[in-house]
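This one's a predicted model, so the numbers in the text were calculated from it and none came from an experiment. Heavy-atom basis, side chains included; hydrogens, waters and symmetry copies ignored. Below, read A as the first sequence line, B as the second, and so on, with proteins coming before strands; counting in each chain starts at 1.
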Amino acid sequence: MITSRPSDLFIVTAACAVLSACSLPRDPSGTQDRVERSGTLRLGIVEGASIDPPSRQTLARLTERTGARPEIVRGDSEALLTQLKRGKLDLVYGEFAQSSPWSKEVHFSTAQGAVGKVPKGVPAPRFAAMNGENGWIMAVGEASR
Amino acid sequence: MSELPSPIRQDFRNAKRLEWWTLGWMSTVVVIMYLTMGASQAMKTAFFEDILGLIPAITFLVSAHLEPRAPTRKFPFGYLRANSLAFFASAVVLCFMGIYLIWTNGTGLMKAEHPTIPPVTFFGETFWLGWLMIAALAYSIVPPVILGRLKQPIARRLRDKVLFTDSLMQKADWQTGAAGIAGIAGIALGLWWADSLAALLIAIGILKDGIDATRSASAELVDGAPRRLEGNGLSEEAVRLQDRLEKHWPDGTVRIRESGRYLFATVDGVVTPGDIPSNEELMGDDPTWRLGRLSFTPPGKQEPGSGW
């Protein structure tokens with residue numbers, strides 16, 4: 001019979017504390033590392049979308065934090081999000097609805113500059129990042145505050 | 001036998017109280033897990049397991065409500081087997097849920113899906129949802145471990161398989177929480193597969209519990225020989241009773257089955273004797289309330305399938 005001891009909980013708590021102290025979470029595909037090392041942020045902007053002031057501010061915070069310069073690529077959302085999914089881009093900017101079929105393929109940030117919750121079906125200015133790149137998604141989230 | 005035997009009434013009341021505690025406490029765990037689970041497969045699987053963990057408690061309370069009821073015209077043997085039915089139902093649910101979770105997590109692993117756990121903002125502070133998930137999983141470990149330990153001795157005294165299976169599942173629940181924490185910690189370290197792998201291990205555990213419980217429950221429903229509380233082996237108490245009955249009536253064929261928590265014994269090929277030994281004598285050192293019925297079938301009147 002398997003039993004548990006109070007020390008099990010202590011170990012779990014201690015492990016959490018240690019993990020938070022490190023620069024976690026990390027990216028499985030290393031997006032943030034690559035951006036910081038190369039000094040280039042490969043940014044896709046959906047054709048016709050203009051970067052509004054809150055999104056500009058997010059981008060400024062992100063480039064300041066990573067020390068990277070944006071390298072902008074323009075194209076339609078389908079092509080850009082496919083490139084993002086394949087790791088050819090680091091970030092895509094455009095007006096996306098949270099209920100878009102792409103929301104399963106890539107991660108959409110919170111709506112930029114929105115006060116309160118934007119309905120899922122309503123397109124709003126957002127940054128898209130590769131799924132699972134939790135460190136990078138965290139960095140974008142912190143820059144969006 | 002509509003009323004519970006007096007030696008187990010207090011334990012029965014305590015068991016019901018513990019199951020109500022289980023529903024209340026585990027509901028808080030389910031709510032916390034739901035609010036924090038995000039896209040983590042390990043979290044989702046642990047969440048499903050916690051919901052499943054409520055089923056034995058609910059089935060116990062339903063069967064405990066029915067069991068002491070008096071027999072009716074439509075149910076002339078009373079509701080003693082409500083407990084057996086409840087046990088079977090929860091075992092089957094457990095099996096299906098295990099298969100479903102193995103499928104979803106196995107395919108997720110094969111498709112190399114990278115789980116995303118986004119940041120959340122509370123009171124102006126932005127932090128990774130994964131830390132909140134780990135805290136929720138750590139909390140989810142506490143109630144089942146305590147409740148499982150409290151239930152086990154009562155389940156043994158009551159010879160209650162639903163309560164016992166419930167207590168075993170709860171006692172082992174810390175593994176689910178720990179596997180979930182390992183999965184989230186793996187994601188934090190950039191190991192995308194850790195989450196699905198942890199979830200898969202949890203799901204295999206759920207299926208194993210389900211298969212063990214279904215085997216035991218099926219044996220009871222098809223009037224198999226009474227099984228032990230733990231595992232699928234024969235109940236030692238029933239074997240001892242069988243020996244004593246065979247000594248008393250060596251010319252008869254003794255068969256014992258289990259109906260809920262009671263042993264029902266039949267001696268075939270023997271005319272009902274005028275002087276039947278007392279339950280104390282027949283049960284020896286085992287609890288006398290366990291012998292729920294002793295019946296005799298005269299020679300030539302055996303039911304179909306009674307021959308060995």
**Study point:** Any B/Trp131 side-chain heavy atom under 4.5 Å of A/Leu24 side chain
**Key:** yes
Exercise for review: Heavy-atom pairs under 4.5 Å with chain A are the metric here; pick the option from B/Val120, B/Ile117, B/Thr126 that has the most.
Suggested key: B/Thr126
Review point. Among residues 104-116 of chain B, which ones touch chain A with a heavy-atom distance under 4.5 Å?
Key: B/His114, B/Pro115, B/Thr116
Practice item. Could you look at A/Ser144 and say if it's the side chain, the backbone, both or neither that has a heavy atom under 4.5 Å from chain B? Key: neither
Check your understanding: With only heavy atoms counted, which part of B/Ile187 is less than 4.5 Å from chain A, the side chain, the backbone, both or neither?
Key -> both
Practice item. Taking atom CZ of B/Arg228 as the centre, report whether more than 12 heavy atoms of other residues, nucleotides or ligands fall under 6.0 Å from it. Key: no
Revision key, fill the gap. Among residues 124-140 of chain A, residues within the sub-4.5 Å heavy-atom range of chain B, in order of number, are A/Asn131, A/Gly132, A/Asn134, A/Ile137, A/Met138
Study note, to complete from the structure: Against chain A, residues from residues 190-198 of chain B with at least one heavy atom under 4.5 Å, in numeric order, are B/Gly190, B/Trp192
Check your understanding: Is the CH2 atom of B/Trp25 crowded by more than 12 outside heavy atoms at less than 6.0 Å?
Key -> yes
Review point. According to the side-chain hydrogen bond (donor to acceptor under 3.5 Å, both in side chains) rule, which pairs have a member within residues 60-71 of chain A, sequence neighbours left out?
Key: A/Arg65-A/Glu142
Exercise for review: Please report the closest heavy-atom contact between A/Gly141 and B/Pro119, naming both atoms and the distance.
Suggested key: CA-CG, 3.9 Å
Check your understanding: Are more than 12 heavy atoms from other residues, nucleotides or ligands located less than 6.0 Å from atom CZ of B/Phe127?
Key -> yes
